[in-house]
Protein chains: 2
Amino acid sequence: MKQGSTRTHAIRVAIELRRRILNGEFEGGSRLFEVALAESMQVSRTPVREAMFRLAEEGLLERVRGGGFTVRTFSLSDVADAIELRGVLEGTAARLAAERGVGEARLRQIHETLEEMEGCFGATAGEVDFDGYCDLNARFHTELASLAGSEVLRREIDRVTHLPFASPSAFLPNNADVEAFRLSLRPAQEQHRDLLDAIVKREGTRAEAIAREHARAPRRNLDILLAGQPDLLARMPALALLVT
Amino acid sequence: MKQGSTRTHAIRVAIELRRRILNGEFEGGSRLFEVALAESMQVSRTPVREAMFRLAEEGLLERVRGGGFTVRTFSLSDVADAIELRGVLEGTAARLAAERGVGEARLRQIHETLEEMEGCFGATAGEVDFDGYCDLNARFHTELASLAGSEVLRREIDRVTHLPFASPSAFLPNNADVEAFRLSLRPAQEQHRDLLDAIVKREGTRAEAIAREHARAPRRNLDILLAGQPDLLARMPALALLVT
DNA sequence: TTTGCGACTTTTGTATACACCGCAGGTTCA
DNA sequence: TGAACCTGCGGTGTATACAAAAGTCGCAAA
């Protein structure tokens, strides 16, 4: 394996392996063999093992009795639960931020992000800079997770968010062609604004409720896909782990 | 290292290392060296590394830039946040259980646990079987975590609970001599009962609120210790990681 | 005195060989 | 005929040697 951009083999293998898993290159639940992977990536078993430990920590692999790992599979209800869970955690971050108060600097920063997001919307209803919005949306949610000043909470949000279908931008990118998705962005942005408003006004319960509801947008989009666009569904990399 | 009861060296090392960390045998934030540990446990570096990966996953160790691990330290506010977080997650489990409904078998089981706990209380106010109650309390909370039928949520609760000071029975055991603790058990048991009642009646919001409030009991106990019993505080193994 | 460079040391990262465990299939013995 | 046992194979677990990188110390020059 070539000395790529990253530091250690283990990290590179982890990245490559993650890519393959999310691409659906492995059967759901199938076992991963160290030797085979090591050969296919031109490294020894040692960094492969380390990479597998890391992916297990991420929740993409599962330790199996008697040693080794299998690719973890998720049911549709797991996806729904993960989204619900992110909503609960972000809601807690928002509530605590409101209850405890937020420093000037941090508040200014996330407001700035909010205003930048505003710039992604064009004059007419359906006109949106999708990619730009996605990036900024991710940044907004990262900043939100830190807003309560709790490292414990921030970590946990980070964890849940790492599941590909539970990220704040899940079921958004590469789908600008779905009318319903584009139109859902404006209300989402309104929720962002209301959320900050509630935090500033120290309205913890309201902030929590808004954050929870806001997290459900991807869930709605998923339902739309399930109902009407199975072809698009298949193109979603986040859903390769789904077992039907 | 002798062939102990468990299967692999890596697991044994992880257990032993966890014990040492929780015993406070390492300075907070201090780095752990693979060779030194390997020698002290009479194994090679390989299982030691694996053990450290596992403990990092648990949140007891922290990866440091440039490789290696340090012992993670927690501030008092981290402890408070972890307890709050457990409350939020158990609250979610309770709410979802109420909203979705719970199967007969599971419901009967957790009710059984509840009744067993009742048996730990004696005739007079302060008379309690402390150890028995602790065990059953842990069981009750485990069953609660599964009650919503969400594997994703159950895992996350399990994770947070593994931090020693965030477990449902934290700041309970070995402290039967503290009057305030013993007296707090009866109200706690009432909350258990109310919680199940809310779930059975499908009152999700009420169930969530009770679970959240219930999780704060350890927090109150911690405050009591902080205020009046610093000597007892020092005897708490869960708090060895605390940096003041 | 301070700063920058370079060799040395320490510690982690990787490859590899070997040990061990479970399992499947065949063989042998009652 | 069936059951117990041997045995080879595919796989992970562990030890160890070596490579590479990061940190450390001292020395020299400005």
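In what follows, chains carry the letters A, B, and so on, assigned in the order in which the sequence lines appear, proteins first and then strands, with residues in each chain numbered from 1.
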Can you list every pair that meets ring pair (Phe, Tyr, Trp, His ring centres under 6.0 Å) and has a residue in residues 136-159 of chain A, with sequence neighbours left out? A:Phe140-A:His192, A:His141-A:His192, A:His141-A:His214
Taken in chain and number order and not counting sequence neighbours, the residues that satisfy side-chain hydrogen bond (donor to acceptor under 3.5 Å, both in side chains) with A:Arg19 are A:Glu16
May I have the distance from B:Leu32 (atom CG) to C:dT11 (atom P), rounded to whole angstrom? 12 Å
Using nucleotides 14-17 of chain D, report all nitrogen or oxygen pairs with the protein that are shorter than 3.5 Å.
from	atom 1	to	atom 2	distance (Å)
D:dT14	OP1	B:His9	N	2.4
D:dA15	OP2	B:Ser44	N	2.8
D:dA15	OP2	B:Ser44	OG	2.6
D:dA15	O5'	B:Ser44	OG	3.4
D:dA15	N7	B:Thr46	OG1	2.8

Between D:dT12 (C1') and A:Phe69 (CZ): distance, integer Å: 10 Å
Among residues two or more places apart or on two chains, list those pairs meeting salt bridge (charged side-chain N to carboxylate O under 4.0 Å, His left out) that have a residue in residues 71-89 of chain A. A:Asp81-B:Arg100, A:Glu84-A:Arg216, A:Glu84-B:Arg95, A:Arg86-A:Glu90
A:Arg155: side-chain hydrogen bond (donor to acceptor under 3.5 Å, both in side chains) partners, not counting sequence neighbours: B:Glu62
Can you name the side-chain hydrogen bond (donor to acceptor under 3.5 Å, both in side chains) partners of A:Arg219, sequence neighbours left out? none
In residues 59-67 of chain A, what residues come within less than 4.0 Å of DNA chain C, judged by heavy atoms? A:Arg65
Which pairs, with at least one residue in residues 10-47 of chain A and sequence neighbours excluded, count as a ring pair (Phe, Tyr, Trp, His ring centres under 6.0 Å)? none
Presence of salt bridge, A:Glu58 and A:Arg159, under 4.0 angstrom: no
Considering residues at least two apart in sequence or located in another chain, which fulfil the ring-ring contact (aromatic ring centres under 6.0 Å, His included) criterion with B:Phe69? B:Phe53
How many whole angstroms separate atom CD of A:Glu34 from atom P of D:dG11? 11 Å
